[in-house]
Amino acid sequence: MKKIITTPISYESIKDLRTGDILYLSGTLVTGRDDVHLRVVKENLTCPFDFEGMAIMHAGPIIKESPDGNAMVAIGPTSSIRMEEYAGDFIRLTGLRMMVGKGGMGEKTSRACKEYGAIHCMFPGGCAVIAAACVQRIAGVYWRELGMPEALWEMRVKEFGPLIVTIDTTGANLFLENKAYYASRLDACKKPVLDSVKDIMQIKASK
């Protein structure tokens, strides 16, 4: 059964999600990248959008701007790890419940998700046009002076996804855990390969 999360997002609606779960988002989704995090965390500026219980997408969208209304053309996710330094404080300061981006995030974000009850989700890369099709309309734009990719674009979305949970409210981190797991298996995986060419390497070395 398709799991759909609707904004505003309560802690109760996400507390039982675990890494690897797939969900979809309906309601409000706002874009925001490096400059937005810097303004809120480092420059102590009040964000013009209230992120309490909301979701942010690390993305630089392409918007067709018109006096008759703005339209989403493409919205590809940015690598979330770029926001790692400031994401924890951003969650603390804004009450953000969900982050969406490409790839995973690190230990600082994991700790903040556990402490403040938030999650990070991965949207598949290379699907910018598919993502745009989930955007029903653009409801507003804030900090437009930052430029189109960095501005806060407020969107109304319907079943935006698929989104894969990479950090859950327990602080579990899918990317860090997988990295550790595969690193632990590296030597065991290399051994049969090295053994299979050992004789060839010895012959070459003796010549």
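- Checked against M98 for a side chain to side chain contact (heavy atoms under 4.5 Å, CB included), the options I56, L23, L29 give a single hit: L23.
- When the side chains of ILVMFWY residues are joined at heavy-atom separations under 4.5 Å, either directly or via intervening members, I63 and F160 end up in a single hydrophobic cluster.
- Interatomic distance, CG of L96 versus CZ of F90, reported as 6.0 Å (0.5 Å rounding).
- Between R33 and E150, at least one side-chain nitrogen of the basic residue sits less than 4.0 Å from a carboxylate oxygen of the acidic one, meeting the salt-bridge criterion.
- When all heavy atoms of W143 and C47 are compared, the pair lying nearest together is CH2-CA, 3.9 Å.
- Closest approach of P77 and A59 over heavy atoms only: CA-CB, 4.2 Å.
- Taken together through direct or relayed side-chain contacts under 4.5 Å among Ile, Leu, Val, Met, Phe, Trp and Tyr, I4 and M122 form part of one hydrophobic cluster.
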| query | Given the rule in the side chain to side chain contact (heavy atoms under 4.5 Å, CB included) test, do Q136 and V157 qualify, once you have shown the distances and angles that lead to the verdict? | reply | CA-CA 5 Å; Q136 295 180 305; V157 298; over 6 Å; no
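- Of the possible donor and acceptor atoms, one in the side chain of R97 sits under 3.5 Å from a partner among the backbone N and O of G117.
- Between E65 and R144 a salt bridge is recorded (basic side-chain N to carboxylate O distance below 4.0 Å).
- Within the model, atoms NE2 of H120 and NE2 of H58 stand 6.0 Å from one another, a figure rounded to the nearest 0.5 Å.
- With hydrogens and angles disregarded, a donor-acceptor distance shorter than 3.5 Å links the side chain of S26 to the backbone of E159.
- Between S80 and M105, the shortest heavy-atom distance links the atoms O-CE, 3.3 Å.
- Of the possible donor and acceptor atoms, one in the side chain of T7 sits under 3.5 Å from a partner among the backbone N and O of T28.
- Linking ILVMFWY side-chain heavy atoms closer than 4.5 Å, directly or via other members, places M99 and I167 in a single hydrophobic cluster.
- One N or O on the side chain of T31 and one on the backbone of W153 form a donor-acceptor pair closer than 3.5 Å.
- For CD1 of I130, the number of neighbouring non-hydrogen atoms (other residues, nucleotides, ligands) closer than 6.0 Å is 12 at most.
- Within the model, atoms CD of E107 and CD of E84 stand 8.5 Å from one another, a figure rounded to the nearest 0.5 Å.
- When all heavy atoms are compared, the tightest approach of H37 to G32 is CE1-O, 4.1 Å.
- Minimum interatomic distance between A132 and V73 (heavy atoms only, all atoms of both residues): CB-O, 3.5 Å.
- Within the 4.5 Å cutoff, the side chain of T169 has heavy atoms near those of the R18 side chain.
- A112 and G88 get closest at one heavy-atom pair: CB-CA, 3.5 Å.
- Hydrophobic cluster membership is shared by M57 and L17, with clusters built from Ile, Leu, Val, Met, Phe, Trp and Tyr side chains linked at under 4.5 angstrom.
- Here the straight-line distance linking atom CG of L163 with atom CG of D21 works out to 12.0 Å at 0.5 Å rounding.
- Under the 3.5 Å distance criterion, the side-chain polar atoms of S13 are left unmatched by any main-chain donor or acceptor of I9.
- To the nearest 0.5 Å, atoms CD1 (I164) and CG (L174) are separated by 8.0 Å.
- The same ILVMFWY cluster, assembled from side-chain heavy atoms under 4.5 Å apart, contains both L152 and L45.
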* Asked: F123 and I75: side chain to side chain contact (heavy atoms under 4.5 Å, CB included), yes or no, with the steps?
  -> CA-CA 11 Å; F123 182 85; I75 179 169; over 6 Å; no
Please lay out, stage by stage, how C134 and M155 fare under the test side chain to side chain contact (heavy atoms under 4.5 Å, CB included). CA-CA 10 Å; C134 299; M155 306 171 290; over 6 Å; no
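- The residues R92 and D89 are annotated as salt-bridged, a charged nitrogen and a carboxylate oxygen being separated by less than 4.0 angstrom.
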Might you work through the side chain to side chain contact (heavy atoms under 4.5 Å, CB included) test for M83 and D34, ending with a clear yes or no? CA-CA 6 Å; M83 271 54 72; D34 309 63; 3.8 Å; yes
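- F49 and Y142 have tilted rings, their planes meeting at an angle from 30° to 60° on a 0 to 90° scale.
- To the nearest 0.5 Å, atoms CD1 (I5) and SG (C121) are separated by 8.5 Å.
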